Amino acid sequence: MNALPDAPVDASFLLRWLDTSATVLDREANRLTLLDSPIGDADHGTNMRRGFIAARTAVGQEPPDTPGGVLTAIGRHLISTVGGASGPLYGTLLRRAGKQLGDEPAVGAERLRDALRAGVDGVAQLGGAAAGDKTMLDALLPALDAMDTALAGGGSTTEVLDAAAKAAAEGAEATTPLRARKGRASYLGDRSIGHQDPGATSSALLVAALADTAREASA
Amino acid sequence: MTGTATQQEPVDPGGTTAGTNPMVGVVLVSHSAAAANAVAELAKALTGGGVDVPVAPAGGGPDGGLGTSSDLIAAAARSVDRGVGVAILADLGSAVLTVKALLADDELPAGTRLVDAPFLEGAVAAVVTSSTGAAIDAVEAAAGEAYTYRKL
């Protein structure tokens with residue numbers, strides 16, 4: 001099953017992921033803001049673009065030499081530069097994940113999955129949300145489950161992250177019929193139904209960027 | 001985290017009246033700088049004369065527009081920390097989440113806590129209580145009790 005050489009997830013890998021993510025969020029900012037207009041305050045794209053571009057610049061100037069260090073540094077910059085709820089939420093996700101990786105110089109897909117699981121648990125705790133509340137968790141939790149399944153099947157890092165990206169995208173799409181139970185969108189009640197959740201959408205983009213980074217590394 | 005461990009060691013006597021205990025700091029976090037400033041001003045005005053309670057607004061986002069700035073929150077908490085705890089009140093969404101994230105990572109002064117209270121009424125109760133030299137537990141309780149103040 002593992003035909004391609006497996007790229008280790010090291011500091012360089014996550015710096016490339018950050019670069020890709022900033023580029024993708026810059027490109028998709030308008031779409032995210034459009035999704036945020038009917039059910040939020042129409043700032044998600046702007047906030048995510050500002051946060052990731054600032055993080056790319058700041059972390060690129062003094063890049064940490066471990067994958068945990070890179071995630072922790074990005075998380076810190078997101079908390080201070082995003083300005084919306086996605087700042088503390090993504091910031092917590094990445095800092096918890098970074099902390100979980102500790103000082104290890106490089107990890108494989110299984111350790112990455114464990115770290116992301118810790119980060120997503122932190123997000124759930126901070127925001128008090130659960131699956132089905134029409135939040136970023138509706139993309140992230142299916143992604144983690146898909147990683148579990150792919151890892152159990154002996155998949156390579158690329159295969160595991162591809163599975164995560166696919167599940168996150170499907171999870172984000174599946175938020176459309178849901179009624180929001182967290183955040184500003186929850187004030188809208190049934191009127192939040194019929195719109196794809198912007199946070200789940202940005203989460204799916206970030207997981208897709210992980211898969212793209214792995215694919216390019218093993219190509 | 002009970003927040004009163006440093007009660008015996010006032011860091012900075014500023015913001016206290018001579019001869020009284022150091023006061024609990026109050027930070028008001030709003031999406032709007034104007035709202036945070038106005039609520040801080042109102043709460044201080046309702047406290048009455050002679051007592052300069054350490055209150056700091058932290059309103060608006062990193063770009064100066066509507067939003068939440070972790071840097072402003074951290075700076076505000078440091079500015080009102082007299083060594084006996086800092087009570088933070090926040091309005092909505094990202095304001096609450098940002099304070100929680102900063103607390104979880106120990107990025108605010110020791111003894112800082114997020115207080116579960118209505119923003120304006122809670123701010124008035126917190127600042128008035130702090131002005132009496134009460135400990136942070138009493139400041140927190142007074143702010144929270146503002147939820148029970150019915151208008152009809």
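Throughout, protein chains are lettered first and strands after them, A, B, ... in sequence-line order, and every chain is numbered starting at 1. Keep in mind it's a predicted model, so treat the numbers as computed, not measured.
For B:Ala104, the part lying under 4.5 angstrom from a heavy atom of chain A is the side chain only. B:Ser69 does not touch chain A: none of its heavy atoms, backbone or side chain, sits under 4.5 Å away. Of the atoms belonging to B:Leu72, not a single heavy atom falls under 4.5 Å from chain A.
Of the listed residues (B:Gly60, B:Pro62, B:Gly61), the one with the most heavy-atom contacts under 4.5 Å to chain A is B:Pro62. Between chain B and the residues A:Gly183, A:Gly122, A:Ser80, A:Ser86, the most heavy-atom pairs under 4.5 angstrom are made by A:Ser80.
Side-chain contact between B:Ile136 and B:Val84: absent, with no pair of heavy atoms (C-beta onward) separated by less than 4.5 Å. Inter-residue side-chain proximity for A:Val9 and A:Thr157 is flagged as met; some heavy-atom pair is nearer than 4.5 Å. Between A:Arg31 and A:Leu34, every side-chain heavy-atom pair lies at or beyond the 4.5 Å cut-off. For the pair A:Thr201/A:His44, no side-chain contact is recorded, criterion being any heavy-atom separation below 4.5 Å from C-beta on.
Of the candidates A:Arg95, A:Arg76, A:Arg96, A:Lys99, B:Asp105 forms a salt bridge (Lys or Arg N to Asp or Glu O under 4.0 Å) with just one, namely A:Arg95.
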